[in-house]
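Encoded as structure tokens, the structure appears first; notes follow it.
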Amino acid sequence: MSRYNFRETEAKWQAIWEERGTFRPRVDPDRQKYYVLEMFPYPSGRLHIGHARNYTIGDVVARYKKACGFNVMHPMGWDAFGLPAENAAMANKVHPADWTYENIRVMRGQLQLLGLSYDWSRELATCDPDYYKHEQRMFLEFLEAGLAYRKESWVNWDPVENTVLANEQVIDGRGWRSGAAVERRKLTQWFLRITEFADDLLESIRTLERWPDRVRLMQENWIGRSVGARMSFKVEGRDERLVVFTTRPDTIFGASFCAIAADHPLAESLARNDSDMAGFIAECRKLGTSEEAIETAEKRGYDTGLNAVHPFEPDRRLPIYIANFVLMEYGTGAIFGCPAHDQRDLDFARKYGLSVRPVLWPPGLKVLSDAEAEALPAGERARFDRDPVQTLADGRSVFHVGNTAYDDTSLAEYDYDLGDLTEEVRLSVNRAKDIAVAALADRDAGEAAITYRLRDWGVSRQRYWGCPIPVMYREDGTMVPVPYDQLPVELPKDIDFDAPGNPLENHPTWKYTTCPHTGQKAVRETDTFDTFLESSWYFARFCSPQAGTAFDSDAVGYWLPVDQYIGGIEHAVLHLLYSRFFMRALQRCGYPVGKEPFAGLMTQGMVCHETYQGPDGGWLFPEEVEHRDGRLIRIADGAPVTVGRLEKMSKSRKNVIGLESVVDAYGSDTGRLVLLSDSPPERDLEWTESGLEGAWRYVNRLWRLVDEPALELPPPGTPAPAEFPAAALDLRRKVHQTLQAVGEDFEGFRFNKAVARVRELSGLIADFTGTGTGSESAWALREALEALVIMAGPMMPHLGEELWERLGHTVLLADTPWPVVDAALTVEDRVTIAVQVNGKLRATLDLPRDMPKDEAEQAALADPGVVRALGGKAVRKVIVVPNRIVNVVA
RNA sequence: GCCCCCUUGGCGGAAUCUGGUAGACGCAACGGACUUAAAAUCCGUUUUCCGGAAGGAAGUGCCGGUUCGAGUCCGGCAGGGGGCACCA
């Protein structure tokens, strides 16, 4: 019995693909293009088998689309700037560049082991000055276009590492690496004006039809459009006005206070003469931004002593507080508080004894005054703390706000009347909002406004291993962009990681320069860009990776957008939103790109593995443990091992399976098959040794099926016989049905189903081999085996090529088109029809296809099983669904 | 708190879009063949219950609805997962 030698075979075909340039497409306007891309990796060390899932999925799509006749581009590169390189530099005394390029070398070799259909001639690394010089130019153009700016803002500051941390690098209020409590610090930072495109980014999500709904929803929520009003209050005794944003202008009559953020300019100016107030503001700033801190933080306020004047009732005064729950970064940094209809405002009002005045409630209820509510028995009164709507013991349905705000926005009854603009009762909340806005506008006290949750993108990082921001600051304080002809501003190589802080800041000479216009002394910007900038345009650079400018118009015009992008859900917002913004910004600056970078998106699930812990609680690698006498033990000393839960493969838990260990023992095709067959791609997948063995069994079964065919096959290209024996015809039908279905499965990323169908067909072919005779059967067998190999090809490309060659072909499988499906064969001429009696299955009938309804009905009623189930009862009605089911109702 | 998704055998999953034979395909398990033995390979069984069999009953998290017919559609509940979050 022959056994598949994957070692030789995989190396052989990888060399042939490379040598023939099988996967190196050129721009060809006569052919339809297809651009497949997997999110490029950060070169952090070694890939494990979990990483391979992403690349395998992309490879199946790329190879399948190529077989379908598309001009396929499938590139790969390296997201090469980032913090881990600096950590390694500090820990191991190795230069970040050396560490990065060594990792790239190792990981490139690992990817090549997998036999992925990459065009390696397009490879790029973002830390290469030839790459980032274009980014520096883009930034300067953004600056000219007003899309980049510098401002002071509050940031997460890690006092141990002396750097800003991104929000996602702050875990429970502490730096993810140092463990130090993060401080809020005001720093001058560079920002990209992503909010400029907030509306377009939101609106265009609708056009991304081949994105998962989940991701579209997450971006919608992230952008967070809120429709409401900006209102301006007179401040008693002062010239300035207080501007607030609200989504509920209809509740303005219920306002009982105003509150401003601790960082609000008004608060800052008042605090200059009030040390108590300044102390309160400082405390607010200390408050952590972690989830936990926010949840447990008490609503606190500081009365400024100022009052705002109610726009509709000039006699009413609303005290202005500084409040710790108002954010300067959202809206105008100021609110009006309407306790009856907002829970936070209610908590605040109860704490500071402010009035609670409901202005709307569900229609038909009696509203209890505070005095009336007080008069109720304590137990009944307390019920209002949970729900403002209650039915009292005497049967009355009443409304009174206790400690739960009424924020329902269904049909409402309002207690106020904005003149001839309104009916006084039973308004829809949306209509009431419009009326309130119109009334505010009449009094010159407000206008409709839209606010987004989205904030501008802070891109400054106090790090070395990133793209330098190409500006300098003259002695007189003026910011000067580095002239285009002086780009790139390269990172210095000689750096010292022993001193704390940013090595660029500490470098003895690098930052000192002169103004190109005046010759004055100047210092360079020592911050570098957030590494998300590099990943915001790399997919476009792949179109023309050697071009002297960032993009070659013809290449970009032909290849973009990416037709199919594949990556993890963790980038649902960050990278995918930044890239959408970047394309818009580039387009505005005249670059030849469209506004949507990724026409299709698929987010694959994680690869998980059991975790193992020794008696001391330390994590163990899977290869450190084994089953012995039904127990799991540590190989080294026989100590018992605890099996932990299934978790994403990660170095920290040690539940990783090395990519080489799989490829060495079973070959890359077997590993790829496991990654494709065990779960739908968007769901998590559990990696198991038995799954791998099962895939290996199939690889060999397929090998033997083709390598030792039961009949002597006619040469390739032999014309089809005119007639086939029944068994051969049945096989041909199944072959064409499977080709059709597997093609559809590939289109829809249903690789697990494609594998199931291919395995099913393999079983049928194996059975056929034993029974068929004659040249017609041999021809049908060749057709079936070829179809099998073609379908397996995108998933197991080395095995596919080898079998294709053994079938006598000289053209590569990778260059072989997907077969034309014979539509006449995909339709069965007989169908199995289920027969139900009163909805329960009683028989199945094998009938000719498209049998007239009355004949099918007769056949069903004649079936002995049906007769038995009817038990002599009269048939009341028969429902016949052609080619599917007959339901007899008795 | 707001928004979204999921729940099918011992396990991964199919059938869900478009209501029409629930459990494809695989893993694991059990039984068997081959072998001195093992590995490899092959064959069979495998939702549960009753039955020797033929056959029958129940069954897709729970409760209810629509329908000749519901895993699939609608309403409610429970459990699990995810996103956002002092966002006014």
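Note on naming: letters A, B, ... go to the chains in the order of the sequence lines (proteins, then strands), and numbering restarts at 1 for each one. None of these values were measured; they are calculated from a predicted model.
Among B:G13, B:C42, B:U21, the nucleotide with an atom closest to any side-chain atom of A:R701 is B:C42. Comparing B:A28, B:C68, B:A22 against the side chain of A:S690 picks out B:A28 as the nearest. Picking from B:A88, B:C86, B:G20 the nucleotide with the shortest atom distance to the side chain of A:I879 gives B:G20. Side-chain atoms of A:R759 lie closest to B:C25 of the nucleotides B:C25, B:U21, B:G13. Considering only side-chain atoms of A:Y330, the nucleotide from B:G13, B:G20, B:A88 that sits closest is B:A88. Across B:G69, B:C87, B:G26, the shortest atom-to-atom separation from the side chain of A:Q836 is found for B:G69. Comparing atom distances between the A:P680 side chain and each of B:A14, B:C86, B:G83 picks out B:A14 as nearest.
Contact annotation for A:G331: no contact, since no heavy-atom pair falls under 4.0 Å across all strands. At a threshold of 4.0 angstrom between heavy atoms, the contacts of A:R453 include nucleobase atoms, whether or not backbone atoms are also involved. At the heavy-atom level, A:L217 lies under 4.0 Å from the strands shown only through sugar-phosphate atoms. At the heavy-atom level, A:R884 lies under 4.0 Å from the strands shown only through sugar-phosphate atoms. Within 4.0 Å (heavy atoms only), A:R876 reaches no atom of the nucleic acid at all. Nucleic acid contact class of A:V888 (heavy atoms, under 4.0 Å, all strands): none. Using a 4.0 Å heavy-atom cutoff across all strands shown, A:S226 reaches sugar-phosphate atoms only and no base atom. Here A:T246 lies in heavy-atom contact (under 4.0 Å) with sugar-phosphate atoms only. At the heavy-atom level, A:E760 lies under 4.0 Å from the strands shown only through sugar-phosphate atoms. Residue-level contact check: A:V881 touches the bases, meaning some heavy atom is under 4.0 Å from a base atom.
Listed pair A:R697 / B:A28 meets the phosphate criterion, a side-chain N or O lying under 4.0 Å from OP1 or OP2. Phosphate contact (OP1/OP2 of B:A14, side-chain N/O of A:N752, threshold under 4.0 Å): present. Taking 4.0 angstrom as the limit, A:R868 places a side-chain polar atom (N or O) nearer than this to OP1 or OP2 of B:G56. Under 4.0 angstrom from either OP1 or OP2 of B:G56 there lies no side-chain N or O belonging to A:K840. Considering only side-chain N and O atoms, A:R842 lies nowhere under 4.0 angstrom from the phosphate OP1 or OP2 of B:G69. One finds a side-chain N or O of A:R344 lying less than 4.0 angstrom from the OP1 or OP2 phosphate oxygen of B:C87. Put simply, A:R683 has a side-chain N or O that comes within less than 4.0 Å of OP1 or OP2 on B:A14.
With no hydrogens or angles considered, no side-chain donor-acceptor pair links A:S677 and A:Y698 at under 3.5 Å. Between the side chains of A:R580 and A:Q219, at least one donor N or O sits under 3.5 Å from an acceptor N or O. Residues A:D456 and A:T195 bring a donor and an acceptor atom of their side chains to less than 3.5 Å of each other. Under 3.5 Å, the side chains of A:N883 and A:D850 contain a donor-acceptor pair of N or O atoms. Judged purely by distance below 3.5 Å, without hydrogens or angles, the side chains of A:Q858 and A:D854 never pair a donor atom with an acceptor atom.
A:I335 places its CD1 atom 10 Å from the C1' atom of B:C86, with the value rounded to the nearest Å. Atom CD in A:E682 sits about 12 Å away from atom C1' in B:G13, given to the nearest Å. For A:N221 and B:A85, the CG to C1' distance is 11 Å, given to the nearest whole Å. If you measure from atom OH of A:Y452 to atom P of B:C84, you get 20 Å, rounded to the nearest angstrom. In this structure, CG of A:N838 is placed 16 Å from C1' of B:A57, rounded to the nearest angstrom. One can place CD of A:E570 at 13 Å from C1' of B:G82, the figure rounded to the nearest angstrom. Between the P atom of B:A85 and the CD atom of A:Q343 lies a distance of 20 Å, rounded to the nearest Å. For A:F233 and B:A88, the CZ to C1' distance is 12 Å, given to the nearest whole Å.
Between A:H575 and A:H571, the ring planes lie perpendicular to each other; the angle is over 60°, past the 30° to 60° tilted range. In this structure, A:H310 and A:F253 have tilted ring planes: the angle between them lies in the 30° to 60° band. Between A:Y330 and A:F245, the angle of the ring planes goes over 60°, which puts this pair in the perpendicular group of the 30/60° scheme.
Under the Watson-Crick or G-U wobble criterion, with both distances below 3.5 Å, B:A29 is paired with B:U45. The partner of B:C2 is B:G83, by the rule that a Watson-Crick or G-U pair needs both atom distances under 3.5 Å. With a cut-off of 3.5 Å on both Watson-Crick or G-U wobble distances, the partner of B:U16 is given as none.
With the nearest nucleotide of RNA chain B identified for both A:V326 and A:A756, A:A756 has the one nearer the 5' end. Of the two residues contacting RNA chain B, namely A:V889 and A:F336, the nearest-nucleotide position lying further toward the 5' end is that of A:V889.
Regarding the sugar-base torsion, B:G9 falls in the syn class, its angle being within 90° of 0.
A donor N or O paired with an acceptor N or O is found under 3.5 Å between the base of B:C87 and the side-chain atoms of A:R455. In terms of polar N and O atoms assigned as donor or acceptor, the side chain of A:N887 comes within less than 3.5 Å of the base of B:C68 in a complementary pairing.
When the P atom is compared between B:U7 and B:C62, the two are found 13 Å apart, to the nearest whole Å. With P as the reference atom, B:C42 and B:G26 are 11 Å apart, rounded to whole Å.
Under the 4.0 Å criterion applied to side-chain N and carboxylate O atoms, A:R248 and A:D342 are not assigned as salt-bridge partners.
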